[in-house]
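The next block holds one structure in the form of structure tokens; read it before the comments.
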Amino acid sequence: MIRFTKMHGLGNDFVVLDGLRQTLEPSPEWIRMLADRHFGIGCDQVLIVEQPRAQGTDFHYRIFNADGGEVGQCGNGARCFARFVRDQGLTDKDRIRVGTAAGVIELTLLADGRVHVDMGRPQFDPRRIPFLAQARANAYVLGLATGNLAIGVVGLGNPHAVTLVDDLDRAPIERLGPLIVAHQDFPEGVNAGFMQVLATDRARLRVFERGVGETLACGSGACAAVVCGRQWGLLGERVQIELPGGELTIEWPGGDTSIGMIGPATRVFDGELAS
Ligand SMILES: N[C@H](CCC[C@H](N)C(=O)O)C(=O)O
């Protein structure tokens with residue numbers, strides 16, 4: 001009987017599985033079933049806790065989108081991961097180093113119940129995002145059927161394209177999101193963020209996620225939006241990002257430094273799969 005925990009980070013929701021004390025075979029078909037909101041449990045991503053692989057890490061963390069694809073980063077998921085391994089008694093540490101397919105991240109459980117994630121340094125090398133155009137990524141014009149779109153492109157262990165909009169409620173996000181996510185310039189797809197800057201320390205954001213569609217929050221997307229916003233001279237070092245599901249605090253000094261994210265991690269229920 002496979003046990004799972006249902007969790008969310010500002011409404012970006014997860015099925016979290018302990019891969020240490022149970023044997024899991026995460027095929028794309030099985031992941032899609034778990035994520036299915038009618039035939040399965042229902043979630044945006046499936047997260048699996050595994051034994052550490054990299055030197056100096058406490059765990060390895062596998063991330064699967066609802067479409068079954070495995071990816072290298074999930075900011076909201078990282079916060080839930082930290083909460084999960086503590087709640088399950090898998091560690092008693094407050095600071096946890098976790099290996100992912102994209103590298104190592106450091107999670108810190110804060111006294112107020114929130115979690116800080118050191119998301120590592122933003123990537124601008126197009127080959128590592130990956131992104132086919134060789135132009136410097138912070139102002140690239142994407143050719144769409146609906147016309148050209150100026151975007152910022154950055155990697156956070158997963159690829160992000162950020163579009164600045166004047167009004168998040170009126171921008172044609174439902175139409176543009178899928179076009180950007182599937183654009184040929186992103187050979188592995190991309191997460192499409194739409195940001196409305198309110199002040200140098202505050203912005204609104206909606207994200208169409210690769211492998212899912214629009215989510216209520218996207219942690220790596222919030223980090224990508226702050227990186228692009230800073231490169232465009234619109235945002236300061238510490239920014240409150242307002243997502244449909246709630247607020248994240250993002251801190252980035254700029255240059256070749258790590259980006260930090262602070263936010264909640266919520267456990268909803270534990271369950272067992274029938275088969
Ligand atoms: N859809 C993303 C993975 C989850 C990212 C998001 N849920 C977050 O909180 O960072 C991708 O395909 O790269």
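Only heavy atoms go into these numbers, but all of them, side chains included; no hydrogens, no water, no symmetry mates. Both ligands and their constituent atoms are indexed starting at 1 by order of listing.
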Specify side chain, backbone, both or neither for [X], according to which of its non-hydrogen atoms lie closer than 4.0 Å to ligand 1.
X: Asn76; result: both
X: Asn191; result: side chain
X: Asn65; result: side chain
X: Gln45; result: side chain

Any Asn12 heavy atom less than 4.0 Å from ligand 1
yes
Judged by non-hydrogen atoms, does Gly211 sit under 4.0 Å from ligand 1?
no
Does an N or O anywhere in [X] fall below 3.5 Å from an N or O of ligand 1?
X: Phe14; answer: no
X: Gln73; answer: no
X: Gly219; answer: yes

Would you check if Ile129 and Glu188 make a side-chain contact, meaning some heavy-atom pair closer than 4.5 Å?
no
Are Thr215 and Asn76 packed together at the side-chain level, in the sense that at least one heavy-atom pair is separated by less than 4.5 angstrom?
no
Need the ligand 1 atom indices (1-based, order shown) with element for anything under 4.0 Å from a heavy-atom of Gly75.
8 (C), 9 (O), 10 (O)
Return the orientation label for the Phe186 and Phe131 ring planes: parallel under 30°, perpendicular over 60°, tilted otherwise.
parallel
Between the side chain of Arg230 and the main-chain N/O of Pro253, is any donor-acceptor distance below 3.5 Å?
yes
Please check this pair: side chain of Arg3 against backbone of Asp18, looking for a donor-acceptor N/O pair closer than 3.5 Å.
no
In terms of residue, atom name and distance, what is the protein heavy atom nearest to atom 1 (N) of ligand 1?
Glu209 OE1, 2.7 Å
How far is atom 10 (O) of ligand 1 from the closest protein heavy atom, and which atom is that?
Ser220 OG, 2.6 Å
Side chains of Gln45 and Asn12: any donor to acceptor distance under 3.5 Å?
yes
Going by atom types alone, do Gln73 and Ser220 pair a side-chain donor with an acceptor below 3.5 Å?
no
Interatomic distance, CZ@Arg206 vs CD1@Ile173, rounded to 0.5 Å, equals 4.0 Å
